[in-house]
Number of protein chains: 2
Amino acid sequence: MTVPGKNLESFTIGRLSRETGCKIPTIRYYEQIGLLPEPGRSAGNQRVYGPKHLSRLAFIRHSRKLGFSQAEIRQLLNLSDHPEQPCAEVNAIAQRHLDEVNRRIERLESLKGELERMVHACQGGKVGDCRVIDTLADLAHGQCLSPRH
Amino acid sequence: MTVPGKNLESFTIGRLSRETGCKIPTIRYYEQIGLLPEPGRSAGNQRVYGPKHLSRLAFIRHSRKLGFSQAEIRQLLNLSDHPEQPCAEVNAIAQRHLDEVNRRIERLESLKGELERMVHACQGGKVGDCRVIDTLADLAHGQCLSPRH
DNA sequence: CTACTATCTCTAGTAGCTATAGCTTCAAGA
DNA sequence: TCTTGAAGCTATAGCTACTAGAGATAGTAG
């Protein structure tokens, strides 16, 4: 039997923050946008969390660290709430994300190339002769990539 | 002699947009944040641009495509306005940016690794057994990288 | 009971734009 | 000259994913 009226595993937002490494305002923000369910409240109106909140927040944080967007995380959370369904969709989201990461890497590699050419071309004289400034000023040089990195 | 009262090379925001590939609201936005100087106005209050605006906007666009931030671009524009000064600072900005790009590539590569492991571990059953969901739910698995990509 | 810390709500700010509403101006054709 | 349609104007709000601050209240240790 557990102590009546008191949840064995319940804690404040501060402890949730410490355990997940997620800042307090961010936790409240996740609640606000509906990623985290609203927790119970103490008599004095303070949030009271349980283990389910902890694991859900952990899921969210890990997903964010892997670069999934809020929208993707919403889908993934939805799917993880329905363990009976086939996981093809989960995999599709992850695969799409992986593809996107690969595209970003490609873009950054080509960016890196252009930046290196630019930096190496500069001989360290006056700004007036600087190849970096020259290259940047060159509109026609614009077969470089889209602004998304 | 040029025609008095009429600039030989002056054009509207629409043409500036077409020539630089920069959208009209973006041009106005650059003006608002002080990256582009305020142009003259026609009798009917429409913006009138000249070649200097064109080259400055080209500079900005190219820099953005290379991933420089507004703050960096501001510095670069400042420097390019003073061609007598040594270009060490220009080079330093570019080099710092290149370093940052390299760091981003590293982070993305390691992200890619984790995503690939995750995707490959999934055998395509039910969500309940899905390794992708499992991996995401695992907080302790959190030696992965910072949320910045 | 008094400090002190933790938490509360609400608002506004960040970067780098993009979109919308409702208006005015300009250029070309009839 | 009139009309029509495209292009331009301002102002405001929205996007992502948070972060920071003000000012008030709650909880806790001594």
Side-chain angles (χ1 to χ4, degrees), chain A residues 6 10-36 38-49 53 57 59-77 97 100 104 107 145-149, chain B residues 6 10-36 38-49 53 57 59-77 97 100 104 107 145-149:
Chain A
K6 169 144 199 201
S10 77
F11 34 86
T12 65
I13 199 171
R15 189 166 153 213
L16 184 60
S17 169
R18 263 170 269 128
E19 304 221 350
T20 57
C22 181
K23 293 181 182 167
I24 290 175
T26 307
I27 296 175
R28 291 197 276 245
Y29 167 72
Y30 286 156
E31 179 186 328
Q32 191 190 309
I33 63 169
L35 273 191
L36 264 186
E38 289 184 27
R41 296 287 181 137
S42 74
N45 199 34
Q46 301 197 343
R47 288 171 178 82
V48 180
Y49 295 96
H53 292 100
L57 182 53
F59 187 102
I60 294 170
R61 287 315 291 172
H62 196 187
S63 302
R64 284 294 302 131
K65 279 186 193 147
L66 290 178
F68 288 97
S69 70
Q70 286 181 358
E72 286 168 329
I73 295 173
R74 232 175 272 272
Q75 292 175 53
L76 289 169
L77 282 168
H97 185 57
E100 174 60 31
R104 260 189 246 173
R107 279 196 297 260
L145 311 112
S146 85
R148 293 227 151 245
H149 315 294
Chain B
K6 170 143 199 202
S10 76
F11 35 86
T12 65
I13 200 171
R15 191 168 150 212
L16 184 61
S17 169
R18 263 170 269 127
E19 303 219 352
T20 57
C22 180
K23 292 182 185 168
I24 289 174
T26 306
I27 295 175
R28 291 198 275 244
Y29 167 71
Y30 286 155
E31 180 186 328
Q32 192 191 309
I33 63 170
L35 274 191
L36 264 186
E38 290 186 25
R41 296 288 182 135
S42 74
N45 199 34
Q46 301 196 344
R47 288 169 178 83
V48 180
Y49 295 96
H53 292 100
L57 182 53
F59 187 102
I60 295 169
R61 288 315 290 171
H62 196 187
S63 302
R64 284 296 301 134
K65 278 186 192 146
L66 290 178
F68 288 97
S69 71
Q70 286 181 359
E72 288 168 327
I73 294 174
R74 232 175 272 271
Q75 293 175 52
L76 289 169
L77 281 169
H97 184 57
E100 174 61 30
R104 260 190 243 172
R107 280 196 296 261
L145 312 112
S146 83
R148 295 228 149 243
H149 314 297

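Just so we're on the same page: letters track the sequence lines, and every chain starts at 1.
- Phosphate proximity of D:dA7 to B:R18: absent, as no side-chain N or O sits under 4.0 Å from OP1 or OP2.
- Across the protein-nucleic acid pair, A:I27 atom CD1 and D:dT19 atom P stand 11 Å apart, rounded to whole Å.
- Taking 4.0 angstrom as the limit, B:R47 places none of its side-chain polar atoms (N or O) nearer than this to OP1 or OP2 of D:dG8.
- Within the 4.0 Å cut-off from OP1 or OP2 of D:dT10, at least one side-chain nitrogen or oxygen of B:R41 is found.
- OP1 or OP2 of C:dC17 lies within a sub-4.0 Å distance of a side-chain N or O belonging to B:Y30.
- Side-chain nitrogen and oxygen atoms of A:T26 include at least one within less than 4.0 Å of the OP1 or OP2 phosphate oxygen of D:dT19.
- In this structure, of D:dG8, C:dT18, C:dT7, it is D:dG8 that holds the atom nearest to the side chain of B:R28.
- Salt bridge absent: A:E19 and A:R61 never bring a charged side-chain N and a carboxylate O closer than 4.0 Å.
- Of all the heavy atoms in A:G14 and A:I24, the pair that sits closest is CA-CD1, 4.0 Å.
- Atom NZ of B:K65 is separated from atom P of C:dC17 by 12 Å (rounded to the nearest Å).
- With sequence neighbours excluded, the residues forming a side chain to side chain donor-acceptor pair (under 3.5 Å) with A:E31 are A:R47, listed by chain and number.
- Under 4.0 angstrom from either OP1 or OP2 of C:dT7 there lies at least one side-chain N or O belonging to A:T12.
- Judged by distance alone, with hydrogens and angles left aside, the side-chain atoms of B:T20 form a donor-acceptor pair with the main-chain N or O of B:L16 at under 3.5 Å.
- Looking at which nucleotide of DNA chain D each of B:Q46 and A:S42 is closest to, the 5′-most match is held by B:Q46.
- One can place CD1 of A:I24 at 15 Å from C1' of D:dG21, the figure rounded to the nearest angstrom.
- Remark: P of D:dA26 and CZ of A:F11 are 23 Å apart, rounded to the nearest angstrom.
- Atom-to-atom, CD of B:Q32 to P of C:dA19 comes out at 16 Å; the value is rounded to the nearest Å.
- In this structure, NZ of A:K23 is placed 14 Å from C1' of D:dG21, rounded to the nearest angstrom.
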Close N/O contacts between protein and nucleotides 14-16 of chain D (under 3.5 Å):
none

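- Between A:V48 and A:S42, the shortest heavy-atom contact is CG2-N, 3.6 Å.
- Within the nucleic acid shown, A:I33 has no heavy atom closer than 4.0 Å to any nucleic acid atom.
- Nearest heavy atom pair, residue B:L66 against residue B:H97, reads O-NE2, 2.7 Å.
- Distance from the side chain of A:N45 is smallest for C:dC8 among the nucleotides C:dC8, C:dC26, C:dT18.
- Between A:E72 atom CD and D:dA17 atom P the separation is 9 Å, expressed in whole Å.
- The CD1 atom of A:I13 sits 14 Å away from the P atom of D:dG27 (whole-angstrom rounding).
- Shown here are the salt bridge (charged side-chain N to carboxylate O under 4.0 Å, His left out) partners of A:E72, two or more places apart in sequence or in another chain: there are none.
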- request: Starting from the C-alpha separation in whole Å, work towards a yes-or-no answer on salt bridge (charged side-chain N to carboxylate O under 4.0 Å, His left out) for B:E100 and B:R107.
  value: CA-CA 11 Å; B:E100 174 61 30; B:R107 280 196 296 261; 3.6 Å; yes
